[in-house]
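Because the structure is predicted, anything quoted here is derived from the model rather than measured.
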Amino acid sequence: MKRSPTGRLSQIRNCKTAFGLSAAATIATWFVAWLLFHFLPISPERLSLSFGCLLVGCVLGLGVFWLLTILPNKRVVRLSAYAIAFLLLAAPWGSSWMGRISYSRFGLTIYGLVPIPTLDITVNQRGVLWFRPKTHLIQREEIARLLEPDTEVVVIGIGWDRIARVEADALPVGSQVELKVLSTPEAFLLFNLLKSQGRRAVLIAHSTC
């Protein structure tokens, strides 16, 4: 039985949607693999986590493509798929707007809606999340990169067991910025409190020891 031109067009659109969203899923997962490889110290764990993310990205991309091509060729299916993808991609921006640590435990931090395993994090006073090399020394230069003329407080989490340390004279001479050095869970609580009070705070946190 021949398909109508409308049915063939719908099938083509479904395939395009499947290809685009599977490519987006693969790229997003590979980006996570790059983050792990770039910011974790050289170790077998770094290689295995990064390779694992690459593998997951390939499987996820193929899975998304297969799922979307077997679903009914309807506009609502395509719109629903795009809506889900948009919500997932919008999570980092939504998290910046939320500007708080939602949950944390040793080796796992959830910033807004974004889960962050293993990696150490920084958050500037506009709420933008980024990462730092996983070292036990927090240097003046990385603190200076977060500072803005109106920054009020720098909150530093030195690990769950307080193993990391902050370089001496971490703030510029004569700076009026407050420096709070705490264990990581205490730093997260203080950062959330400061943000709820409308204070202009930045955060650097070691997520493990």
Side-chain angles (χ1 to χ4, degrees), residues 1-124 126-134 188 192 195 203 205 207-208:
M1 181 177 179
K2 292 185 178 180
R3 289 182 178 176
S4 67
T6 302
R8 288 195 296 272
L9 180 59
S10 181
Q11 178 66 40
I12 290 171
R13 286 173 176 170
N14 248 35
C15 288
K16 287 182 177 179
T17 299
F19 179 79
L21 293 182
S22 64
T26 303
I27 291 169
T29 315
W30 286 5
F31 176 67
V32 173
W34 174 82
L35 288 175
L36 292 169
F37 188 81
H38 183 75
F39 287 104
L40 288 179
I42 297 174
S43 65
E45 180 187 41
R46 179 180 79 163
L47 292 174
S48 61
L49 285 173
S50 302
F51 178 76
C53 276
L54 290 175
L55 184 60
V56 167
C58 294
V59 173
L60 181 62
L62 291 172
V64 169
F65 185 85
W66 173 79
L67 179 63
L68 289 177
T69 51
I70 66 169
L71 288 174
N73 301 323
K74 294 182 178 180
R75 185 181 182 188
V76 66
V77 172
R78 294 190 295 273
L79 291 178
S80 298
Y82 279 123
I84 293 170
F86 174 79
L87 290 174
L88 291 174
L89 294 175
W93 286 270
S95 300
S96 297
W97 178 77
M98 294 170 67
R100 60 179 288 108
I101 305 298
S102 304
Y103 173 81
S104 66
R105 64 173 175 79
F106 188 94
L108 173 65
T109 305
I110 299 180
Y111 178 66
L113 304 172
V114 180
I116 306 145
T118 305
L119 293 172
D120 293 355
I121 66 170
T122 68
V123 181
N124 70 16
R126 291 183 299 280
V128 178
L129 169 75
W130 196 238
F131 308 94
R132 63 178 298 272
K134 199 168 187 64
F188 287 159
N192 283 348
K195 298 299 285 187
L203 173 69
S207 68
T208 50

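- Scanning for side-chain hydrogen bond (donor to acceptor under 3.5 Å, both in side chains) contacts around R46 gives an empty result, with sequence neighbours left out.
- Dense packing is recorded around CH2 of W34, with more than 12 heavy atoms of other residues, nucleotides or ligands lying under 6.0 Å away.
- Side-chain N or O atoms of T26 include one that pairs as donor or acceptor with a backbone N or O of G57 at under 3.5 Å.
- Within the 4.5 Å cutoff, the side chain of F37 has heavy atoms near those of the L47 side chain.
- Counting only residues at least two apart or on different chains, the side chain to side chain donor-acceptor pair (under 3.5 Å) pairs with a member in residues 99-124 are D120-R132, D120-K134, D120-H206, D120-S207.
- The number of heavy-atom neighbours closer than 6.0 Å to CD1 of I42, taken from other residues, nucleotides and ligands shown, is 12 or below.
- Between the side chain of S95 and the backbone N or O of L113, at least one donor-acceptor pair lies under 3.5 Å.
- Applying the ring pair (Phe, Tyr, Trp, His ring centres under 6.0 Å) rule to W130 yields the partners F39; only residues at least two apart in sequence or on another chain are considered.
- Here the side chains of L203 and I101 are in contact, with some heavy-atom distance below 4.5 Å.
- Heavy atoms of other residues, nucleotides or ligands lying less than 6.0 angstrom from CZ of F106 number more than 12.
- Test V64, L67, I84 against L21 for side-chain contact (heavy atoms from CB on, under 4.5 Å) and you get one pass: V64.
- The two residues C53 and A33 come nearest to each other via the heavy atoms CB-CB, 3.5 Å.
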